[in-house]
Amino acid sequence: MGIFKRGLSKTRQSFLGRLSQLFGNTTIDEDTWSDIEATLIQADLGVETTETILEYLREAVREEGLTRSEQLYTVLRESLESLLEPPRELNINGRPLSIILVVGVNGSGKTTSIAKLAHRLKRAGRKVMLCAGDTFRAAAIEQLQKWGERIDVPVIANKAGSDPGAVVFDAINAAKSRGIDVLIIDTAGRLHNNYNLMQELVKIRSVIAKAVPGAPHEVLLVMDGTTGQNALKQGQKFAEAANVTGLIITKLDGTSKGGMIFSIHNALHVPVQFIGLGEGINDLVYFNPKNFVDSLFDDTDE
Amino acid sequence: MFESLSQRLQNVFDSLGKGGRVTEQDVNAAMREVRMALLEADVALPIVKNFVNTVRERAIGAEVHKRLRPSEQVIKLVHEQLIETLGEAGQLNFSGSRPHVIMMVGLQGSGKTTSAAKLAMHLRKQGRQPFLIAADTYRPAAVDQLVTLAKQIGVDYYEEGVTARPPDIVKRGLEKARASNANVVIVDTAGRLQIDDTLMRELEEIKQLTNPCEILLVADAMTGQEAVNIATGFNERLKISGLILTKVDGDARGGAALSMRAVTGVPIKFIGVGEKISADTLEVFHPQRIADRILGMGDMLSLIEKAESLYEEEEAIRLQKKMMENDFTLQDFLEQLRKIRKMGPVSQLLGMMPGISKLQIQGQLKSEEVEARIRRVEAILNSMTKKERERPKILDASRKKRIAKGSGVEVRDVNDVIKQYHQMQKMMEQLRKGRFPKLPGLDGLGF
């Protein structure tokens with residue numbers, strides 16, 4: 001968990017570290033409420049989620065007769081935790097070939113996350129292959145190939161500009177014939193409000209399903225941790241088109257608070273599987289709600 | 001999910017009762033809605049606070065637009081203030097000696113490389129000779145990406161792989177550019193966090209080396225509250241000269257634009273609106289467009305503008321003068337009616353009138369009925385001679401009979417119109433004496 005804490009320490013300081021200050025030995029007053037609201041908003045939790053939490057807290061104050069802000073602090077922490085769920089074990093076991101489809105908007109960090117995930121699976125003893133399904137963006141194929149070389153994982157690629165469905169089909173065949181047990185498919189970044197590109201995703205899904213019944217077994221949506229309220233729409237649209245099973249939230253090693261995790265979770269009920277905490281190959285860690293919230297509140301260790 | 005700001009403001013003002021006067025408390029309630037709307041649009045909280053304070057001051061001191069309901073007046077103020085804060089589109093600044101250097105900086109995945117290529121095309125369209133330098137040695141294949149794009153658009157470039165230090169690459173690239181015909185050099189740098197001291201120092205070094213005329217921070221339109229930290233961080237280290245907002249073809253509300261503009265004070269120079277590398281997918285920034293987007297509103301504002309444009313200042317002054325001189329004639333009445341009709345279907349206009357939309361929704365007021373009544377009043381006025389309209393006193397029984405016949409109504413309908421006219425006159429008389437009459441409902445106006 002060290003890396004988790006290290007990565008989150010900045011977040012902790014700026015986010016709930018400030019909240020902890022508010023929760024000194026004082027009574028609850030209007031300022032307390034507006035400060036909590038402000039802090040949650042600034043962490044990108046969004047107005048709706050923030051109000052849900054505030055409502056929850058107000059009820060707790062009424063029902064349990066809370067008077068001191070540190071009591072409120074405990075309830076807030078619990079309520080934040082209750083909004084999240086731990087990651088599931090990835091559904092990539094018990095069959096000859098499991099397929100993970102990775103989707104997301106442009107620049108969210110799909111390719112980098114795929115490399116990190118492949119590395120993690122490879123270290124766990126899996127036979128991993130990558131498919132360069134982003135045939136649109138200049139040098140996206142080369143980017144995945146370079147990662148493949150670095151982590152020593154085979155990459156199936158076609159020419160730039162070719163049909164992504166075709167390379168996916170090729171990769172599945174290659175994976176089958178080489179006895180690969182996890183195939184991770186990269187896709188081009190696409191904005192969720194672009195109908196044609198979202199339809200392309202539907203098509204890629206059906207190519208996969210035709211080649212391997214029941215596949216893709218995981219569809220991971222990669223989201224930039226600095227994203228604001230648009231994250232929700234992103235999540236909803238990708239869930240609609242690609243039946244997302246889990247989330248990867250990237251770039252949480254900066255000062256961004258990552259509060260959109262709460263709102264997406266609240267709306268989609270899809271777990272955050274991993275978070276990205278840096279550019280190193282090992283900087284993709286399992287999301288742990290308790291540690292996430294703990295780290296947010298804990299400002300004693302640095 | 002959330003209602004639009006206009007609807008929410010309407011609700012606020014509806015709940016105020018029929019007092020007709022907007023108190024400071026009402027303004028505060030409205031400002032709370034404005035605050036929420038801006039936060040939903042991803043404007044950063046500290047910026048929202050300042051912004052709302054400014055709007056509040058302006059709202060309290062604002063002149064009352066007769067044709068806008070309070071909610072619309074607030075929206076108008078917010079919209080104006082948004083445009084003002086977003087500022088004008090910034091032109092690229094080409095100062096100093098050639099070749100001019102433009103540095104592209106930003107977080108990972110914000111769209112620097114794509115924007116660099118688009119910018120090169122934009123510059124070439126302006127008749128300049130752009131040159132690209134690939135200085136992102138960190139992200140795998142970032143150099144390939146820039147080279148591929150440069151070849152695709154036929155722009156000269158410099159790269160030397162990923163082993164050298166970026167400042168050294170830039171130094172050699174600049175020499176190469178000087179030897180060519182290039183007059184603008186675009187340096188594509190690696191994505192980095194603004195708190196990454198080592199990498200930020202690298203950018204400082206490149207800045208010192210190239211003495212750029214522009215340092216453009218490339219930022220994702222979907223950015224949330226973090227926008228303030230990003231912009232402040234890059235600006236403090238590099239003193240950026242402009243912003244490029246990317247992925248504006250998405251459906252994010254784009255409040256980050258306001259946050260970043262507000263904390264840095266530098267203009268937004270371009271917006272990126274597509275993946276294709278083309279001069280068309282890098283647009284010059286228009287504050288109005290982003291302001292509309294942040295508010296999430298479309299036709300609303302054009303309606304407000306429509307209402308205002310018809311209530312021209314000159315006309316207002318003329319009417320005011322007439323009112324002051326107690327000289328409001330039936331002719332003026334007719335002209336006012338025609339103006340109102342010119343603004344569009346009554347049903348649309350009704351929605352813009354204070355207190356009306358609710359009646360309409362509740363089915364108490366049918367727009368067709370109102371429309372018919374307005375038409376009838378207009379027909380009656382049209383059946384009068386100009387002389388009659390200007391001197392209503394001369395309207396005797398035989399004239400009224402003629403008018404009724406001419407407009408296909410009964411004499412009592414003509415009398416109604418005249419009565420309503422007298423009521424309006426009385427109202428104006430009160431206004432003239434400085435007493436504020438109760439604002440008339442629709443019936444009072446004779447429709």
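Order of the sequence lines sets the chain letters (A, B, ...), proteins ahead of strands, with each chain counted from 1. As the structure is a prediction and not an experimental result, all values here were calculated from the model.
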Region of B:Arg192 in contact with chain A, defined by heavy-atom distances below 4.5 Å: neither
Tell me, side chain or backbone of A:Glu149 under 4.5 Å from chain B's heavy atoms, or both, or neither? neither
Spacing of CD belonging to A:Gln42 relative to CG belonging to B:Leu39, to within rounding of 0.5 Å: 9.0 Å
Smallest separation among heavy atoms of B:Asp42 and A:Asn230, with atom names: OD2-N, 4.0 Å
Please classify the contact of B:Gln152 with chain A as side chain, backbone, both or neither, using a heavy-atom distance under 4.5 Å. neither
Would you name the heavy atoms of B:Asp251 and A:Asn193 that are closest together and state the gap between them? N-ND2, 3.5 Å
When rounded to the nearest 0.5 angstrom, what distance separates CE in B:Met36 from CD1 in A:Ile41? 6.0 Å
Does any N or O in the side chain of A:Asp44 come within less than 3.5 Å of the main-chain N or O of B:Gln225, such that one atom is a donor and the other an acceptor? yes
Is the shortest distance from a Lys or Arg side-chain nitrogen in A:Lys251 or B:Glu226 to a carboxylate oxygen in the other one below 4.0 Å? no
Under 4.5 Å, heavy atom to heavy atom: which of residues 106-119 of chain B reach chain A? Give them by number, or say none. B:Leu107, B:Gln108, B:Gly109
What's the shortest heavy-atom distance between B:Leu45 and A:Ala38, and which atoms? CD2-CB, 3.4 Å
Residue, of B:Asp196, B:Asp249, B:Ile277, B:Thr148, that accumulates the most heavy atom pairs under 4.5 Å with chain A: B:Asp249
Say you draw a straight line from CG of A:Asp253 to CG of B:Leu193; how long is it, rounded to the nearest 0.5 Å? 5.0 Å
Closest non-hydrogen atom pair, B:Lys247 against A:Asn106: NZ-O, 2.6 Å
Report which part of B:Arg253 has an atom under 4.5 Å of a heavy atom belonging to chain A: side chain, backbone, both, or neither. neither
Taking every non-hydrogen atom, the tightest pair across A:Leu197 and B:Glu275: CD1-OE2, 3.5 Å
Return the option, out of A:Glu279, A:Arg190, A:Met260, with the maximum number of heavy-atom pairs under 4.5 Å with chain B. A:Glu279
Name, in order of residue number, those residues of residues 140-147 of chain A that have a heavy atom at a distance of less than 4.5 Å from a heavy atom in chain B; otherwise write 'none'. A:Glu142, A:Gln143, A:Lys146, A:Trp147
So which heavy atom on B:Met222 is nearest to which on A:Leu191, and how close? CE-CD2, 4.0 Å
B:Ala44 versus chain A, the contacting section by heavy-atom distance below 4.5 Å: neither
